[in-house]
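What follows is one structure encoded as C-alpha cells, with my remarks underneath.
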Amino acid sequence: MQVPSQVEYERATSVEHALSLLSLPETRVVAGGHSLIPMMKLRLAQPELLVDINGLAELAFITLDGDQLRIGALARHADLLDSDITGQHFPIFHDAERMVADPIVRLWGTVGGSLCQADPSEDLSAAFAAARATAVIRTPGGERTVPVREFHRGPYETVVGRGELLAEIRVPLRPGTGSAYEKVSRRVGDWSIAAAGAVLCLAGHQILQAGLGLTAVGAEHFVAAEAEDYLRGRAADEDSFQAAGAIAAEHCHPAADQRGPEDFKRHLVAELTTRALRRAADRAST
Ligand SMILES: Cc1cc2nc3c(=O)[nH]c(=O)nc-3n(C[C@H](O)[C@H](O)[C@H](O)COP(=O)(O)OP(=O)(O)OC[C@H]3O[C@@H](n4cnc5c(N)ncnc54)[C@H](O)[C@@H]3O)c2cc1C
C-alpha cells in the first residue's frame, strides 16, 4: 500500500483548538509528518482526522529558563542542531542531531514527533532519557509533567492520552555536567544499529550522577539503569567507563535483525557507552 486511506484534515489555530479536536476519536496530531505519513501510506496508521499543529508557533522554541533548558515540541531537529545554548549546555543533543537522518528530514521532523513516535530506534528518546528530561503534556484541564524515563509505554506507545498534546521537554541543568552521544549506523543518515548517550555530573574527579541512554537495543525506557548505579560515586576514569560499558551491554536486550546479530550489537553497546562516557567526562571538565 502506498496511498493513505481517506482522512479529514484540520489546521489547529491554538493549543486549545488542537486539544478540542484531539478529544475526537481516531484523531492524530501531524507535526513534521516524517513518521506518521509513511505509516499512513502503509496503512499501519489509519486516523480519521489529522490535526496539523505546524501553525502553533508557541510550541516552537528553545530557551534557557533558570536551571533548565526548555524545548518546545514543535522545535525542528534542525533548530536543536542550530541552537547555541543547546550546544553549550547539552552537546549530547548536537551529537545526536548530526546523525539523525538527512537535512531534509531534520528541517521538518520535530522533537515532539520524535518522542511521540516512540520508535525504539529514535535517537532523541535515548538522549533525553540520559539527560533525565521531563515531558510537559497539555491536557484539557491544564498540564501534567512526566519524566521522559516514564514517557514511553513500549514501542510506538506513549503516555500521551486522547485529548492531550506533548507541549515541551524540560532538561535540568546542573553544574559540572558533560554529555555526549555515540552512534553506529550502516551508512550516513540511517537509523542506529546501536547508539549510546551519556550525561555525567562530576564533582572534581568523582561521579555524582550518571545518565545513560541506549538506542535500538531493547533497553527498558531507553535507560542503562544498572550501569548508572555502578557509576554513582566512582572515579571518572577509564576503568569505570569500561566496566559501565560492559554492564550496559550485559543488561540490554538487542534483537538480531538485518542490522546485525545480537552479539555484535552488545559489542557496540559496550564500546559506544565507554566512548560516550569518556567524551562526556572531557566536556564536563572543560
Ligand atoms: C528517511 C528518514 C530517516 C530517519 N532517520 C532517523 C534517525 O536516524 N534517527 C532518528 O531518531 N529519527 C529518524 N527519523 C525520524 C525523524 O526523526 C522524524 O522526524 C520523527 O520520527 C518524527 O517527527 P515528526 O515531527 O515528523 O512527527 P510526525 O510524523 O508528524 O508524528 C509522529 C507521531 O507523533 C505524534 N505527534 C507528533 N507531535 C506530537 C505532539 N506534539 N504531541 C502528541 N503527539 C505528537 C503523531 O501523531 C504521530 O503519531 C527518520 C525519518 C525518515 C523519514
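Indexing begins at 1, ligand by ligand and atom by atom, following the structure's order.
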Would you say Trp108 has any N or O atom under 3.5 Å from an N or O of ligand 1, going by distance alone?
no

Pair Phe93 + Phe128: ring centers closer than 6.0 Å
yes

Check this for me - ligand 1, Val160, N or O atoms closer than 3.5 angstrom, yes or no?
no

Measure the shortest side-chain to side-chain distance between Val223 and Leu214 over non-hydrogen atoms and say whether it is less than 4.5 angstrom.
no

If we number the atoms of ligand 1 from 1 as shown, the ones under 4.0 Å from a heavy atom of Ala73 are 41 (N)

To the nearest 0.5 Å, atom CG of Leu277 lies from atom CG of Leu231 at 5.5 Å

Any N or O on Leu166 sitting closer than 3.5 Å to an N or O of ligand 1?
yes

For Leu49, which of Arg28, Glu10, Glu26 qualifies under side-chain contact (heavy atoms from CB on, under 4.5 Å)?
Glu10

So, are Arg170 and Asp67 salt-bridged, with charged N and O less than 4.0 Å apart?
no

When distances are taken from atom 33 (C) of ligand 1, the protein heavy atom at minimum range is Gln117 OE1, 3.4 Å

Residue, atom and distance of the protein heavy atom nearest atom 53 (C) of ligand 1 read His34 O, 3.6 Å

Check this for me: Asp102, atom CG, are more than 12 non-hydrogen atoms of other residues, nucleotides or ligands nearer than 6.0 Å?
yes

Crowding at CG, Leu24 (>12 non-hydrogen neighbours, <6.0 Å):
yes

Using only heavy-atom distances, determine whether the side chains of Ser240 and Tyr230 contain a donor-acceptor pair under 3.5 Å.
no

For atom 19 (O) of ligand 1, which of Gly109, Gly112, Gly161 has the closest heavy atom?
Gly109

For atom 24 (P) of ligand 1, closest protein heavy-atom neighbour:
Gly32 N, 3.6 Å

Quick check: closest heavy atoms across Ala280 and Ala198, and the distance to 0.1 Å?
CB-O, 3.9 Å

Ligand 1 and Leu36, any nitrogen or oxygen pair closer than 3.5 angstrom?
yes

Which residue supplies the protein heavy atom nearest to atom 25 (O) of ligand 1, what is that atom called, and how far is it?
Thr110 OG1, 2.6 Å

Are any of the N/O atoms in Glu164 less than 3.5 Å from those in ligand 1?
no

Of the side chain and backbone of Leu74, name the one, both, or neither that has a heavy atom under 4.0 Å from an atom of ligand 1.
neither

Among non-hydrogen protein atoms, atom 13 (C) of ligand 1 lies closest to Trp191 CH2, 3.2 Å

Does Arg266 qualify as a cation-pi partner of Phe264, given the criterion of NZ or CZ under 6.0 Å from the six-membered ring centre and within 45 degrees of its axis?
no

State whether a side-chain donor-acceptor pair under 3.5 Å links Asp123 with Ser192.
yes

Closest by any non-hydrogen atom to atom 2 (C) of ligand 1: pick that one out of Val100, Leu22, Val105.
Val105

Check each atom of ligand 1 against the heavy atoms of Asp190 and keep those under 4.0 Å away; list them by number with element.
8 (O)

Out of Arg98, Glu97, Arg106, which residue meets the side-chain hydrogen bond (donor to acceptor under 3.5 Å, both in side chains) rule with His77?
Glu97

Would you tell me which option among Ala216, Gly189, Ala101 has the nearest heavy-atom contact to atom 7 (C) of ligand 1?
Ala101

Answer with side chain, backbone, both or neither: which part of Ala31 has a heavy atom less than 4.0 angstrom from an atom of ligand 1?
both

Measuring from the heavy atoms of His77, does anything fall under 4.0 Å of ligand 1?
yes

When you look for heavy atoms under 4.0 Å from ligand 1, do you find them on the side chain of Lys183, its backbone, both, or neither?
side chain

Check the surroundings of atom CD in Gln6: do more than 12 heavy atoms from other residues, nucleotides or ligands lie under 6.0 Å from it?
no

Nearest heavy atom to atom 37 (C) of ligand 1, choosing from Gly113, Ala45, Ser125, belongs to Gly113

Does Val29, backbone or side chain, put an N or O under 3.5 Å from an N or O of ligand 1?
yes

Write out the residue and atom name of the closest protein heavy atom to atom 12 (N) of ligand 1, then the distance separating them to 0.1 Å.
Glu122 OE2, 2.9 Å

Less than 3.5 Å between some nitrogen or oxygen of Asp102 and one of ligand 1, yes or no?
no

Numbered atoms and elements of ligand 1 in range of Met99, under 4.0 angstrom, heavy atoms
8 (O)

Is there a nitrogen or oxygen of Leu124 sitting under 3.5 Å from a nitrogen or oxygen of ligand 1?
no

Tell me if the CD atom of Glu220 is crowded by more than 12 foreign heavy atoms within 6.0 Å.
no

Atoms of ligand 1 less than 4.0 Å from Asp123 heavy atoms?
7 (C), 8 (O), 9 (N), 10 (C), 11 (O)

Specify the protein heavy atom at minimum distance from atom 49 (O) of ligand 1: its residue, its atom name, and the distance to 0.1 Å.
Arg28 NH2, 3.0 Å

Closest non-hydrogen atom pair between Thr110 and Ala73, with its separation:
CB-O, 3.5 Å

More than 12 non-hydrogen atoms from neighbouring residues, nucleotides or ligands closer than 6.0 Å to CD on Glu8, yes or no?
no

Can you pull out the closest protein heavy atom to atom 43 (C) of ligand 1? Residue, atom name and distance to 0.1 Å, please.
Cys116 SG, 3.4 Å

